[in-house]
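Some notes on the structure that comes next.
Quick note: numbers below take in every heavy atom, side chains included, and nothing from hydrogens, waters or symmetry partners. Quick note on labels: first sequence line is chain A, next is B, and so on, each numbered from 1.
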Amino acid sequence: MLIFFPDGGSREFPDGTTSLEVASSISRGLASRALAARVDGSVKGLSSPLHDGAHIEILTFESPEGRDVLRHSASHLLAAAVCNLYPGVRFGIGPSIEDGFYYDMDIPGFPGISAVEAIEAEMKRLSAADMPFERIETDLEGARRLMSELGQTYKLELLDEIEASGESVTLYRCGGFLDLCRGPHVPSTSFIRHFKLLSVAGAYWRGDEKREMLTRIYGTVFDSSKALSDHLALLEEARKRDHRKLGPELGLFTTGPEGGAGLIYWLPNGTVIREELETLWKAAHRRNGYNLVTTPHIAPSDLWVTSGHCSYYRDNMYFLPADDVEYVLKPMNCPGHILIYKSEKRSYRELPFRLAELGTVYRYEKSGVLHGLMRVRGFTVDDGHIFCTPDQIVEEIRNVVSFALYFLRIFNFGYAIELSLCDPDDMSHYAGKPEMWARVEPALADALDGMGEEYRVVRGEAAFYGPKIDIKMRDALGRYWQGPTIQFDFNIPERFDLTYTGQDGSEHRIYMVHRALFGSVERFIGNLIEHFAGNFPGWLAPLQVVILPITAQQHERAAEVATMVADRGFRCSLDRRSETIGYRIRAAENRKVPIMLVIGGREADSGRVAVRAHGRGDLGAFSFEEALGLIEDACRRPALPEGGRYLSEIP
RNA sequence: GCCGGCGUAGCUCAGGUGGUAGAGCAGCGCACUCGUAAUGCGCAGGUCAUCGGUUCGAGUCCGAUCGCCGGCUCCA
């Protein structure tokens with residue numbers, strides 16, 4: 001029979017040849033890396049026989065599909081190991097996920113995380129034993145009978161769904177473990193060698209909190225021990241950079257039971273970082289045509305009834321009874337900004353009208369979701385609202401996106417843009433008229449197209465009140481985080497009846513955009529801590545310069561130098577402790593101070609200072625002015641966005 | 001909120017089967033005056049998360065609460 005290859009070539013093979021045999025015929029290397037095959041467009045196991053005229057592509061760990069097959073097979077290996085160790089285990093589902101796999105199981109007598117080592121050892125044993133993954137095609141009733149005999153109640157439930165969907169049923173056997181599974185899998189367990197179990201957690205069956213909680217075991221698998229150890233090293237690096245560890249260690253913030261779960265107490269060092277960020281943020285916003293405003297932390301609940309939050313956001317709100325009026329601790333800034341918009345009649349000449357505020361909000365979050373700075377109950381949104389006419393949308397969106405990217409570039413974050421649009425098949429639950437959506441959605445795409453930015457369109461992911469652009473930021477470890485977000489709102493302008501007087505003298509519905517570039521200041525700083533591993537750029541460093549006299553002989557000169565550095569506006573500290581210079585350098589390095597000025601007898605005599613940069617070591621001796629230049633370079637604040645475009649005029 | 005795990009000095013951690021707490025680092029004091037990531041000696045520091053129970057006796061066993069961690073769910 002004739003088999004076709006991706007490069008267009010073809011070759012003759014005996015009937016019944018499998019993909020694995022084809023791979024072997026190409027090269028030993030390919031055969032050893034092969035995990036699955038794409039046959040006529042669909043992913044198949046390597047051991048299934050090919051048919052005449054098949055187009056085949058061998059899939060390795062390089063391809064997403066190959067990785068998926070290996071990970072999925074590893075989850076079966078995990079299940080097979082658990083099956084051997086814990087009789088009576090009932091299996092849920094065990095899919096591949098990004099970077100690994102998991103399996104959800106109800107394991108009688110499961111001792112917890114301590115069992116992981118034994119399970120992993122059993123997986124190793126099964127891998128060495130090279131047990132085949134055997135594909136069994138059966139019908140629904142056959143599968144039901146088998147699963148029922150095995151007591152696999154969860155699988156029976158899955159079979160009911162398969163029946164409803166009319167799919168065919170396949171089973172995979174691996175040793176004593178028989179699983180309902182669409183496949184495909186690697187041919188045998190020896191293909192799964194470089195794996196590690198990572199954690200154990202609870203997970204609801206079918207993700208439904210009313211259903212049973214199963215034990216979920218997470219693991220990861222790669223095609224080489226190098227790739228596995230690289231991945232584990234990345235996880236270790238992430239642990240080291242964890243902002244919950246570095247934050248308190250560097251004196252940035254603290255949290256705890258006395259202060260309330262999910263509430264952040266900013267220490268002096270952390271407050272320096274906040275203030276630097278906020279100062280830049282305010283200056284950049286003024287330059288980009290925003291009007292900075294300040295709104296109260298509480299407001300009568302009637303305001304939140306009008307905005308709709310009292311009905312759809314109630315569970316997240318803190319209520320404050322006072323006299324006869326109930327107040328609400330603000331969970332969002334928009335109603336406040338709307339009152340400011342409404343404080344006078346607005347003319348089209350004033351538009352676009354941009355408001356911005358570093359507004360601290362409070363939201364009740366379930367205790368289990370709280371997480372360091374990333375998920376808290378009190379945080380500061382760098383909130384902005386743009387009120388504009390339909391004609392101004394494209395321009396405003398383009399400006400906001402480039403403003404967002406300005407901040408990401410300052411910190412060297414990578415990014416990926418997502419455009420979330422409505423589900424056109426079900427417009428019933430969306431606010432705003434369909435024609436408004438029809439007008440705005442293409443405008444968002446236009447703005448992005450016009451900027452030459454790549455973006456991904458996600459249909460049906462829009463909020464009920466409007467379409468949005470989300471920018472995910474990629475940190476130094478390649479991880480993605482929720483970054484800037486730009487959201488249209490068709491709902492609130494209607495609820496508050498927001499209008500402007502047009503050129504024609506009549507009132508028109510205003511278009512409104514919410515946008516946050518940091519998102520929350522807390523979360524953004526959490527991201528910065530992990531992105532820089534605590535080694536902040538000089539302008540953010542809580543302490544920028546440490547002066548280190550070698551002996552008491554230089555204390556006087558060191559104090560002079562410290563005063564001069566501090567006078568130039570740098571955050572500077574003098575370390576005159578009677579410790580060795582090595583000890584004090586180590587202390588400064590551990591505090592991640594960008595610049596150390598070491599002053600010994602030689603420097604004191606010559607009026608020079610020895611400069612040492614954090615992480616780079618000794619740079620040698622310099623005159624004071626030269627050293628100051630180095631400090632200025634290391635601690636220079638980022639430039640503001642280009643000015644001039646937002647010249648303000650009396651309307 | 002749910003499941004599982006954890007909670008001993010500021011930090012990192014010891015404290016078999018119950019007999020009333022220990023180290024290193026950090027801090028403070030003294031000595032040392034030192035040349036680029038840990039000088040030596042000494043001192044001080046803990047109602048063993050909190051509350052309740054079992055026991056003659058609880059850091060240790062049981063329960064509740066709080067917080068933290070891993071997930072789930074949620075995230076307008």
Distance, rounded to the nearest Å, where A:Arg591 contributes CZ and B:rC25 contributes P: 20 Å

Answer with base, sugar-phosphate or nothing: what part of the nucleic acid does A:Ile581 contact at a heavy-atom distance below 4.0 Å? sugar-phosphate

For a quick check, tell me whether the side chain of A:Arg584 and the base of B:rA38 share a donor-acceptor pair closer than 3.5 Å. no

Residue closer to the 5' end of RNA chain B, A:Ile599 versus A:Gly262 (nearest nucleotide): A:Ile599

Indicate, with yes or no, if the rings of A:Phe91 and A:Tyr154 have centres closer together than 6.0 Å. no

Sugar-phosphate only, base, or nothing, as touched by A:Arg602 at under 4.0 Å among non-hydrogen atoms: base

Base of B:rC34, side chain of A:Thr551 - is there a donor-acceptor contact under 3.5 Å? no

Test log, rule side-chain contact (heavy atoms from CB on, under 4.5 Å), inputs A:Ile393 and A:Phe488: CA-CA 10 Å; A:Ile393 290 169; A:Phe488 251 82; 3.6 Å; yes

With heavy atoms under 4.0 Å as the rule, sort A:Gly617 into base, sugar-phosphate or nothing. nothing

Closest heavy-atom pair, A:Asp575 versus A:Arg584, reported as atoms and distance to 0.1 Å, is O-NH1, 3.0 Å

Separation between the C1' atoms of B:rC25 and B:rA58, rounded to whole Å: 30 Å

Considering only heavy side-chain atoms of A:Glu603, the closest of B:rU36, B:rG35, B:rG1 is B:rG35

Please determine whether salt bridge (Lys or Arg N to Asp or Glu O under 4.0 Å) holds for the pair A:Arg509 and A:Asp497, giving the CA-CA distance in whole Å, both sets of side-chain angles, and the decisive distance to 0.1 Å. CA-CA 7 Å; A:Arg509 175 71 67 231; A:Asp497 191 24; 3.0 Å; yes

Expressed as a whole number of Å, how far does the C1' atom of B:rC51 sit from that of B:rC66? 10 Å

OP1 or OP2 of B:rA26 sitting under 4.0 Å from any side-chain N/O of A:Tyr583? yes

Do A:Glu530 and A:Trp481 touch side chain to side chain, with heavy atoms closer than 4.5 Å? yes

Using atom C1' of each nucleotide, how far apart are B:rG52 and B:rG71 to the nearest Å? 31 Å

Rounded distance in Å between the P positions of B:rA38 and B:rC2: 49 Å

Do the ring centers of A:Tyr218 and A:Tyr102 come within less than 6.0 Å of each other? yes

Once you round it to whole Å, what is the distance between P of B:rC34 and CG of A:Asp575? 17 Å

Does the ring centre of A:Phe464 sit less than 6.0 Å away from the ring centre of A:Tyr430? no

Let me see the working for A:Asn535 and A:His614 under side chain to side chain donor-acceptor pair (under 3.5 Å), right down to the final yes or no. CA-CA 9 Å; A:Asn535 303 304; A:His614 171 56; 2.6 Å; yes

Using whole Å, what does the distance between atom P of nucleotide B:rC2 and atom CG of A:Leu214 come to? 17 Å

Minimum heavy-atom distance between A:Ile471 and A:Ala404, given as atom pair plus value: CD1-CB, 4.0 Å

Would you indicate what A:Ala610 reaches in the nucleic acid, counting non-hydrogen atoms under 4.0 angstrom: base, sugar-phosphate, or nothing? base

Walk along nucleotides 70-76 of chain B from 5' to 3' and tag each nucleotide B, S or - by protein heavy-atom contact under 4.0 Å, base first, then sugar-phosphate. BBBBBBB

Closest approach to the side chain of A:Ala261, judged atom by atom: which nucleotide of B:rU33, B:rA37, B:rG67 is it? B:rG67

Taking CZ from A:Arg577 and C1' from B:rU36, how many angstroms apart are they, rounded to a whole number? 15 Å

Starting the side chain at C-beta, find the nucleotide from B:rU33, B:rU39, B:rG27 nearest to A:Thr580. B:rU39

Could you check A:Arg515 against A:Thr485 for side chain to side chain donor-acceptor pair (under 3.5 Å), going step by step and ending with a plain yes or no? CA-CA 6 Å; A:Arg515 39 109 289 172; A:Thr485 173; over 6 Å; no

Is the shortest distance from a Lys or Arg side-chain nitrogen in A:Lys330 or A:Glu357 to a carboxylate oxygen in the other one below 4.0 Å? yes

Counting only side-chain heavy atoms from C-beta out, which of B:rU36, B:rG1, B:rU33 sits nearest to A:Tyr364? B:rG1

Expressed as a whole number of Å, how far does the P atom of B:rC62 sit from that of B:rC6? 11 Å

Expressed in angstrom and rounded to an integer, what is the separation of A:Gln554 atom CD from B:rU36 atom P? 14 Å

Just checking A:Arg616: base, sugar-phosphate only, or nothing, at a heavy-atom cut-off of under 4.0 Å? nothing

Could you check whether A:Phe222 and A:His231 have their ring centres less than 6.0 Å apart? yes

Give the B/S/- string for nucleotides 43-49 of chain B, one per nucleotide from 5' to 3', where a protein heavy atom under 4.0 Å of the base yields B, of only the sugar-phosphate yields S, and otherwise -. -------

Between B:rC61 and B:rG15, how many Å separate the two P atoms, rounded to a whole number? 13 Å

Whole Å only: how far is the CD1 atom of A:Ile585 from the P atom of B:rA37? 6 Å

Interatomic distance where CE belongs to A:Met374 and C1' belongs to B:rC68 [whole Å]: 16 Å

Could you state the atom-to-atom distance from CD1 of A:Ile107 to C1' of B:rG4 in whole Å? 12 Å

So, OP1 or OP2 of B:rG1: does either fall under 4.0 Å of a side-chain N or O from A:Ser367? yes

In whole Å, what separates the C1' atom of B:rA44 from that of B:rA26? 13 Å

Dot-bracket, 5' to 3', for RNA chain B please: Watson-Crick or G-U pairs under 3.5 Å, [ ] where pairs cross earlier ones, | where the partner sits on another strand, dots elsewhere. (((((((..((((.....[..)))).(((((.......))))).....(((((..]....))))))))))))....

Trace of the side chain to side chain donor-acceptor pair (under 3.5 Å) decision for A:Thr551 with A:Gln554: CA-CA 6 Å; A:Thr551 75; A:Gln554 296 87 41; 3.1 Å; yes

Gap in Å between the two P atoms, one belonging to B:rU50 and one to B:rU8, rounded: 10 Å

Go through the steps for A:His371 and A:Arg244 under the test side chain to side chain donor-acceptor pair (under 3.5 Å), then give the verdict. CA-CA 9 Å; A:His371 182 92; A:Arg244 294 166 301 180; 3.3 Å; yes

Nearest-nucleotide comparison on RNA chain B, the residue closer to the 5′ end among A:Ala552 and A:His614: A:Ala552

